[in-house]
Trainee: 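Would you mind keeping the following structure in view while I ask a few things?
Indexing begins at 1, ligand by ligand and atom by atom, following the structure's order. On a predicted model such as this, the values are computed, not experimentally measured, just so you know. For the numbers below, each heavy atom of this structure counts, side chains included, while hydrogens, waters and symmetry mates do not.
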Amino acid sequence: MDGPVGPTPDDWATAVAAIQGLPADGRVLLICHVNPDGDALGSMLGFGLGLCRLGVTRMQATFPGRFEVPEPLRGMPGQELLVPAEQAWPEADLVVCFDAASESRLGELLDRLDRSGTALVLDHHASNTRFGGIHLVDPTAAATSVVAEGLLARLGVPLDERIAECLYIALTTDTGSFRFDMTTPAVHELAARLLSTGLRPGEISRRVFDTRPFGAVRLYGDVLARTRLEPAAAAGRGLVWTYATLADLERHEQRPYVLEPLIDSVRCTAEADVSCVVKQVAEREWAVSMRSKGDTDVSRVAVALGGGGHRSAAGFTGRGSVDDVVAAIRGELDRLPTGVEIRGNSGA
Ligand code: AMP
Ligand code: MN
Ligand code: MN
């Protein structure tokens, strides 16, 4: 079986031509996945700021679902490009999609792909379904921002501090601050180029990763206290999981974004290869985050349950009760082959 392959020189040339061939008053619509994370927003806004430098004047950036940028990402440059999905142009000359592995991640913005002149997809998920017209999908890239920077470089756009901050936040988000496997020499080289524009990494990390309301810290206590360990699950590799309800958020007066770092506390459990946090989004609907230390391909579990992701970080939308969702995960883990598997990237 072939390993993951990135864009070919032809793919890059086609993408560059699509942008350079835009009419002077061409409309460019940038979209990213629902509940945008640092990579989705950072690759989109960093690329958008780059297009501004190329002289593109008619541009919107948006994402489906609730129009709310998580508090830790509100300082990210380029937010002046953002409009709520309902205000996004119904059609544009070019639509560029960031960090979305499948059409299901685009919600009500999906129709823009068909209605726009050209649809360019920038992504790094091995599970990318190759929707859209032009694909710059690199499963070896640590983040979609790596692909975005590759395209900006080919367009001759110099990195400035605002572009660099967006791309840096994206890169640190998806590499777990340079801790995950796909933190290659090239990732550090890109980080060095981004930092050399004048970024202050300590200040950015504090804002993005290390600042949460006191109520969130108390909420973490409740949620972590109910964590369960199932050593026999996943063919003996072990499963550790917990859940957070809307009532938990309400009790501590918190927004859902505060739940995102919980998976990092749960996944450090030594006795389990697989970790999950099941986060309630509606009465019988849950956003599930899954991680693996490397022996289990959690993207297979997520894809089987209607989601997607990477070998070591994946997710899906679960239905029913918490127990229904965890039972479905256990079932899919039991169905996984136990032999040696080929590794893709492991970022988010
Ligand atoms: P998260 O746990 O939200 O950080 O997501 C980890 C990875 O799983 C990311 O690469 C996401 O793109 C992917 N992912 C999470 N939720 C979904 C979903 N509902 N559908 C498809 N992919 C998802
Ligand atoms: Mn993402
Ligand atoms: Mn990503």
Trainee: Could you check whether any heavy atom of H33 sits closer than 4.0 Å to an atom of ligand 1, since that is the contact criterion I want to use?
Mentor: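 No, that is not the case, since the closest heavy atom of the residue is not under 4.0 Å from the ligand.
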Trainee: Are any of the N/O atoms on S102, whether in the backbone or the side chain, positioned under 3.5 angstrom from an N/O atom of ligand 1?
Mentor: no
Trainee: Give the atoms of ligand 1, by number and element, whose distance to some non-hydrogen atom of T317 is under 4.0 Å.
Mentor: 19 (N)
Trainee: Between T296 and R237, do the side chains contain an N or O donor and an N or O acceptor separated by less than 3.5 Å?
Mentor: yes
Trainee: Could you tell me, atom by atom, which parts of ligand 1 come under 4.0 Å of a heavy atom of G307?
Mentor: 20 (N), 21 (C)
Trainee: For ligand 1 and G315, I'd like to know whether there is a polar contact (N/O to N/O, distance under 3.5 Å).
Mentor: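 It does: an N or O of G315 is found under 3.5 Å from an N or O of ligand 1.
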Trainee: Under 2.8 Å from the Mn ion (ligand 2), can any N, O or S atom of H33 be found?
Mentor: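 It does; at least one qualifying atom falls short of 2.8 Å.
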Trainee: Would H125 count as being in polar contact with ligand 1, using the rule that some N or O on each side must be under 3.5 angstrom apart?
Mentor: yes
Trainee: Could you tell me if any non-hydrogen atom of A313 lies under 4.0 Å from any atom of ligand 1?
Mentor: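 So A313 counts as touching ligand 1.
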Trainee: List the steps and the verdict of side-chain hydrogen bond (donor to acceptor under 3.5 Å, both in side chains) for N128 and H135.
Mentor: CA-CA 10 Å; N128 186 286; H135 305 123; 5.6 Å; no
Trainee: Are there more than 12 heavy atoms of other residues, nucleotides or ligands under 6.0 Å from atom CG of N35?
Mentor: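 Open: at most 12 neighbouring heavy atoms sit under 6.0 Å from CG of N35.
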Trainee: From the N, O or S atoms in D37, identify the one nearest to the Mn ion (ligand 2).
Mentor: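 Minimum-distance N/O/S atom of D37 relative to the Mn ion (ligand 2) is OD2.
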Trainee: Does any N or O of ligand 1 fall below 3.5 Å from an N or O anywhere on V288, backbone included?
Mentor: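 In fact, backbone or side chain, V288 has no N or O that close.
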Trainee: Rounded at 0.5 Å granularity, tell me how far CG in L249 sits from CG in L259.
Mentor: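 Nearest 0.5 Å value for the CG-CG distance: 5.0 Å.
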Trainee: If you stand at the Mn ion (ligand 3) and look out to NE2 of H124 and OD2 of D174, what angle do those two lines make, to 10°?
Mentor: 90°
Trainee: Report yes if the side chains of L106 and F131 come closer than 4.5 Å at any heavy-atom pair, otherwise no.
Mentor: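 The answer is yes, as the side chains (C-beta and beyond) meet within the 4.5 Å cut-off.
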Trainee: Can you confirm if the aromatic rings of H33 and F63 lie within a centre distance of less than 6.0 Å?
Mentor: no
Trainee: Any chance you could lay out the side-chain hydrogen bond (donor to acceptor under 3.5 Å, both in side chains) test for D138 and T140, step after step, and finish with the verdict?
Mentor: CA-CA 5 Å; D138 186 355; T140 69; 2.6 Å; yes
Trainee: Under 4.0 Å from a heavy atom of S289: give me the atoms of ligand 1 that qualify, with their elements.
Mentor: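 This gives 1 (P), 2 (O), 3 (O) as the contact atoms.
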Trainee: To 10 degrees, how wide is the angle OD2 (D39) to the Mn ion (ligand 3) to OD1 (D99)?
Mentor: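 Output for this angle: 80°, rounded to tens.
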Trainee: Flag the pair V28 / L30 as yes when at least one side-chain heavy-atom distance between them is below 4.5 Å, and no otherwise.
Mentor: yes
Trainee: Between R53 and D160, is there a side-chain heavy-atom distance shorter than 4.5 Å?
Mentor: yes
